[in-house]
**Student:** 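Take a look at this one; I'll ask things after.
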Amino acid sequence: MLLRIDDLDVSFRSDEGEVTAAARNVNLVLERGEVLGLVGESGSGKSSVALSVPRLLPSPPAFWPKGRILFDGVDVLKLPLAELRRVRGRRIGVVFQDPMGSLSPLHRIGDQLVEAVRLHADVSKKAAREQALDWLGKVGIPDPAVRARAYPHELSGGMQQRVMIAMALMLGPDLLIADEPTTALDVTIQAQILELLKDLQRKEGCSIMLITHDLGVIAEMADEVVVMYAGRVVEKGT
């Protein structure tokens, strides 16, 4: 077992009081090497739960009044920030639904990948750049050396999402959290990105938590499915 969530509540504080219904009494398990689909309509709490795993929800306003998130046996909700930063990126990678909002518009693609590597690994700039170019090739970006010199706005949405997948996986994480990774893409590109994720998951051996509202994506990708509605888990199955 790689990830276990026990009786988790996710709440938010606002000027008007606490919103306690973001997620309530959530329980789920993700085994090593498997894909867990977390499905539900917009506002069901699935992203709140998933982004609680690496504690990427801004805190405040987010807080966790009860529950545990055990990642490889360690409760991430109790980790000091310095230790949590060592887990993020290196052991838990994240791909968001809006790659343009996740990439810096002011820096070249290659520089952003190099920075991501050197932030978590003690390697030279040259070695990090070689690793970055290798991963651009792995995610199906043609002419990696040329694309590495491009700015995000010079790439299509599908290419930007491939860059985000490379950034999330290049450090060899145990867990990849993919939060609606194909929502902003057209149908043809969606299929390519999902096939890429499946292929990389098989080759790299990582587990994936896939958040979506699309049951077709779940049917294509997931080994286990957790259905959320109004902040609660209402159904589980294979």
**Student:** Okay, side chain of Asp223, backbone of Val35: is any donor-acceptor separation there less than 3.5 Å?
**Tutor:** yes
**Student:** Which residues pass the side-chain hydrogen bond (donor to acceptor under 3.5 Å, both in side chains) test with Asp199, sequence neighbours left out?
**Tutor:** Lys203
**Student:** Does a sphere of radius 6.0 Å around NZ in Lys66 hold more than 12 heavy atoms from other residues, nucleotides or ligands, not counting ones at 6.0 Å or beyond?
**Tutor:** yes
**Student:** Ignoring hydrogens, what is the shortest heavy-atom contact between Ser207 and Gly33? Give both atom names and the distance.
**Tutor:** OG-N, 2.8 Å
**Student:** Asp179 side chain to Ile211 main-chain N or O, any donor-acceptor pair under 3.5 Å?
**Tutor:** no
**Student:** Any ion pair linking Glu154 and Arg147 (charged N to carboxylate O, less than 4.0 Å)?
**Tutor:**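 No, Arg147 and Glu154 are not salt-bridged.
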**Student:** Hey, does the side chain of Glu224 reach the backbone of Leu30 with a donor-acceptor pair shorter than 3.5 angstrom?
**Tutor:**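 No, Glu224 side chain to Leu30 backbone: no donor-acceptor pair under 3.5 Å.
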**Student:** Heavy atoms only: give me the nearest Ala62-Trp64 pair and the separation to one decimal.
**Tutor:**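 For Ala62 versus Trp64, the nearest heavy atoms are O-CZ3, 4.4 Å.
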**Student:** Output yes when Asp72 and Arg32 qualify as a salt bridge under the 4.0 Å nitrogen-oxygen rule, no when they do not.
**Tutor:** yes
**Student:** Just by modelled atom types, is the Leu169 backbone N or O under 3.5 Å from a matching donor or acceptor in the Glu204 side chain?
**Tutor:**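 Not at all, since once roles are kept as given, no pair shorter than 3.5 Å links the two residues.
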**Student:** Tell me whether Gln97 contacts the main-chain N or O of Pro181 through its side chain, where contact means a donor paired with an acceptor under 3.5 Å.
**Tutor:**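 Looks like no, no N/O pair under 3.5 Å.
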**Student:** Would Ile69 and Ser52 count as a side-chain contact (heavy atoms from CB on, under 4.5 Å) if you check the C-alpha gap in whole Å, the side-chain angles of each, and the deciding distance to 0.1 Å?
**Tutor:** CA-CA 8 Å; Ile69 300 176; Ser52 293; 3.8 Å; yes
**Student:** Do Gln131 side-chain atoms and Met170 backbone N/O form a donor-acceptor pair below 3.5 Å?
**Tutor:**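 Yes; at least one donor-acceptor contact below 3.5 Å.
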**Student:** Between Leu200 and Val139, does a side-chain contact (heavy atoms from CB on, under 4.5 Å) hold up when you go through it step by step?
**Tutor:** CA-CA 8 Å; Leu200 289 172; Val139 297; 4.0 Å; yes
**Student:** Any carboxylate oxygen within less than 4.0 angstrom of a Lys/Arg side-chain nitrogen, looking at Arg68 and Asp75?
**Tutor:**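 Answer for the salt bridge query: no.
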**Student:** Shortest non-hydrogen contact from Ala23 to Val26?
**Tutor:** CB-CG2, 4.0 Å
**Student:** I'd like to know if the side chain of Glu180 reaches the main chain of Asp98, judged simply by a donor and an acceptor atom lying under 3.5 Å from each other, with no hydrogens or angles considered.
**Tutor:** no
**Student:** Within the side chain of Arg88, is there an N or O that forms a donor-acceptor pair under 3.5 Å with the backbone of Arg55?
**Tutor:**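 Indeed, once roles are kept as given, a pair shorter than 3.5 Å links the two residues.
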**Student:** Taking all heavy atoms of Asn25 and all of Asn27, pick out the closest pair and write down the distance.
**Tutor:** O-ND2, 3.3 Å
**Student:** Checking the side chain of Glu83 only, and the main-chain atoms of Pro80 only, is there a donor and an acceptor separated by less than 3.5 Å?
**Tutor:** no
**Student:** Any idea which heavy atoms bring Ala50 and Pro54 closest together, and the distance?
**Tutor:** O-CD, 3.3 Å
**Student:** Of Thr238, Leu36, Ile218, Leu210, which is the lone residue that meets side chain to side chain contact (heavy atoms under 4.5 Å, CB included) with Val225?
**Tutor:**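 With Val225 as partner, Thr238, Leu36, Ile218, Leu210 yield a single side chain to side chain contact (heavy atoms under 4.5 Å, CB included), made by Ile218.
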**Student:** Between the side chain of Arg162 and the main-chain N/O of Leu136, is any donor-acceptor distance below 3.5 Å?
**Tutor:** no
**Student:** Provide the closest heavy-atom pair for Ser104 versus Pro152 in the form atom of the first, atom of the second, distance.
**Tutor:**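 Minimum heavy-atom separation between Ser104 and Pro152: O-CG, 3.3 Å.
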**Student:** Above 12 or not: heavy atoms from other molecules or residues under 6.0 Å from CD of Glu115?
**Tutor:**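 At most 12 heavy atoms, drawn from other residues, nucleotides or ligands, come within 6.0 Å of this atom.
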